[in-house]
Amino acid sequence: MLHSVWAFVKRHRIKILYTGALVGGVYLLGKYAQKKIRDLQEREAAEYIAQARRQYHFESNQRTCNMTVLSMLPNLREAIMQQLNSESLTSLLKNRPANKLEIWEDLRIISFSRSIVAVYSTCMLVVLLRVQLNIIGGYIYLDNAAVGKNGTTPLAPPDVQQQYLSSIEHLLGDGLNELITVVKKAVQNVIGSLSLKQSVSLQELEKYLGEIREQVEHPCNSSESVIIANKSPLCWYLIPDEEATLTSQASGLTEKDLTTLRILNETRDMLESTDFSTVLNSCLNRGFSRLLDNMAEFFKPTEEAVTQNGKINSLSNAKLPLAKIIPIINGQIHSTCSETPSHFVQDLLLMDQVKDFAANIYEAFSSPQQLAMQLQ
C-alpha cells in the first residue's frame, strides 16, 4: 500500500508540487485580500466617523451663529435708534411747537432711514457672522483634530479667536455710522420733496424703496464711491479696511496679530467675492420684501370700506397719506431687529442660500487640504 502511494507520488510529483504551490498561493492571496479589505473597512470607518464628527461640529456651529445673531440684535437696534432718534422728535410734536412742519420733515427722513438701515444692517449681520463663525469654526475643527500631534501649532488659538471676532464691532460702529449717512442722503433724494399730504400706495412705496436701494448699493459719481474704491459697494460697512485695526497700534505686530491679520484678509477676500454679493443681495431682497409685507397690513381697507360704489377695493388701490405712513415705517425697526425670533429674522436665518454659503465656507476651512496649506 505504501509502495503504491509512493510510486504515485513519484510519478505525479510535478503536478503535486504545482498543486501545492497553487494552494499555498491562493491561501496567501486570500490572507492578503482579507488584510486589504480589513484595512479598507477600517479606513472607511475612520473617514465616516471623521465626517460625522465634522458634520456634528458644523451643525453645532450654525446653532451658535443663530444664537449670536439674536444676541447682537438688541445692541444693533439700540445703536440705530440712538443715532436716528425719532422719539425725541415725536415728543416735540406733542407740544405743538411753532416749527411743527420742520420737525415733521426731519421725522420723515429719520423714520424711513431707521427702518431701511435696520434692514441693511440686520442682513449684513446675519451673513457676516455666517462667514466669520464658519471660517473660525473650520480652523477650530482642524485644531481639535490635530490635538496630540507633535509639532502642530494651533491655527486659531483662543486669543486669536477673540481678537478676530471683535472685528464685528466695526459693523456696529464706524460701518453703521457711514451706512446711516449714505441711507439718509438717499432717502432725502428720493422722498424729501414729497408732500406730507400726498397719498402713497404700497406699489409706490415699493418703488421709492427700490430707488433708495439703488443709490445705496450702486453709488455713481459720489463721495461714497471714493470711500469704497473698487470694492464691493457694501463691503466697507462690514469689516475694517485692510489692516486698520491692528496697524493703528503703536509698535510692531505680535504673532497673534499676524495670525489675526491673515484670517481677516481671508475674510475680506470672502466678502469681496461674487458668491458673498449674491447671498447678501438675496437676503436684502427678502428683507425688504418682508418690510413691505409688514407695511401692507396697514394698507388693508377697513370692513366698512371693503366695498365702495359697488366695487371691491383691492390692496393695490389702497393709499395712505405720507404723514400716516411715517409712524408706521418708524416702528418697523422693532420687528426687524428683534432678539425674539421674528418672521423677519427667521426668514434670513433659514434661507437656503445662506445655509449653502455657510456650508461651503466651513467645508473649505475645515478640510485637511486647508491644514496642509497653512503648514507650508
Side-chain angles (χ1 to χ4, degrees), residues 54-77 118-142 155-156 160-172 175-176 179 217 231-240 260 262-290 336-339 341-367 370:
R54 187 156 66 145
Q55 180 64 27
Y56 175 81
H57 187 262
F58 169 73
E59 292 173 355
S60 175
N61 201 45
Q62 304 324 296
R63 289 191 292 271
T64 300
C65 285
N66 293 343
M67 290 187 293
T68 304
V69 168
L70 293 175
S71 69
M72 294 188 70
L73 284 175
N75 293 336
L76 177 62
R77 182 178 65 242
V119 174
Y120 271 113
S121 54
T122 301
C123 292
M124 290 175 180
L125 182 66
V126 167
V127 186
L128 177 58
L129 281 174
R130 274 291 189 276
V131 173
Q132 287 194 305
L133 291 180
N134 279 289
I135 288 177
I136 209 70
Y139 281 140
I140 290 173
Y141 173 81
L142 291 176
L155 297 170
V160 169
Q161 296 174 33
Q162 184 176 0
Q163 188 178 41
Y164 167 68
L165 293 175
S166 68
S167 64
I168 193 71
E169 293 298 327
H170 178 80
L171 175 58
L172 302 179
L176 183 63
L179 178 62
E217 297 169 34
K231 293 186 179 181
S232 173
L234 301 177
C235 184
W236 190 88
Y237 309 121
L238 298 166
I239 194 170
T260 304
R262 172 179 58 78
I263 302 177
L264 281 172
N265 287 333
E266 290 171 338
T267 304
R268 191 172 291 106
D269 290 341
M270 191 67 65
L271 298 183
E272 293 175 358
S273 69
T274 303
D275 288 343
F276 176 84
S277 296
T278 301
V279 173
L280 179 57
N281 189 60
S282 296
C283 287
L284 291 172
N285 290 340
R286 181 70 62 87
F288 279 104
S289 176
R290 173 59 67 177
T336 303
C337 299
S338 173
E339 66 273 27
S342 62
H343 290 301
F344 185 94
V345 178
Q346 290 280 40
D347 279 355
L348 299 178
L349 296 178
L350 298 177
M351 283 180 63
D352 289 337
Q353 295 98 318
V354 174
K355 291 181 178 179
D356 292 343
F357 186 52
N360 291 337
I361 295 172
Y362 185 86
E363 176 71 23
F365 285 89
S366 67
S367 65
Q370 178 71 14

Between CZ on residue Arg268 and SG on residue Cys235, distance to nearest 0.5 Å: 7.5 Å
Heavy atoms from other residues, nucleotides or ligands near CD of Gln162 exceed 12 (cutoff 6.0 Å): no
Worked verdict on Leu128 versus Leu271 for side chain to side chain contact (heavy atoms under 4.5 Å, CB included): CA-CA 8 Å; Leu128 177 58; Leu271 298 183; 4.0 Å; yes
Approximate separation, where rounding is to 0.5 Å, of Glu169 CD and Met72 CE: 6.0 Å
Validation row: Leu165, Leu133 side chains within 4.5 angstrom (heavy atoms): yes
For Cys283 against Val127, the heavy-atom pair lying closest together: SG-CG2, 3.7 Å
Contact summary for Thr122 and Cys337, nearest pair of heavy atoms: OG1-SG, 3.4 Å
Shortest non-hydrogen contact from Leu142 toward Ser366: CD2-O, 3.3 Å
Please list every donor-acceptor pair under 3.5 Å in which a side-chain atom of residues 348-359 meets a protein atom from a residue at least two apart or in another chain.
none

Spacing of CG belonging to Asn61 relative to OH belonging to Tyr141, to within rounding of 0.5 Å: 13.0 Å
Interatomic spacing from CZ in Phe344 to CG in Leu73 - rounded to 0.5 Å: 9.5 Å
Approximate separation, where rounding is to 0.5 Å, of Met124 CE and Ile168 CD1: 11.5 Å
Closest non-hydrogen atom pair, Ser121 against Leu176: CB-CD1, 4.2 Å
Leu284 vs Leu234, side chain to side chain contact (heavy atoms under 4.5 Å, CB included): CA-CA, chis, key distance, verdict: CA-CA 11 Å; Leu284 291 172; Leu234 301 177; 3.8 Å; yes
Side chains of Arg262 and Asn265, donor plus acceptor under 3.5 Å: no
Set of residues satisfying side chain to side chain contact (heavy atoms under 4.5 Å, CB included) with respect to Asn285, sequence neighbours excluded: Arg213, Asn281
Separation of Gln346 CD from Asn66 CG (nearest 0.5 Å): 8.0 Å
Nearest non-hydrogen partners of Ala156 and Tyr139, listed with the distance: CB-CB, 3.8 Å
Glu363-Asn134 side chain donor-acceptor pair, cut-off 3.5 Å: no
Ser273 (side chain) donor-acceptor with Met270 (main chain) under 3.5 angstrom: yes
side-chain hydrogen bond (donor to acceptor under 3.5 Å, both in side chains) involving Thr68 - partner list, sequence neighbours excluded: none
Nearest heavy-atom neighbours spanning Ser167 and Pro240: O-CD, 4.1 Å
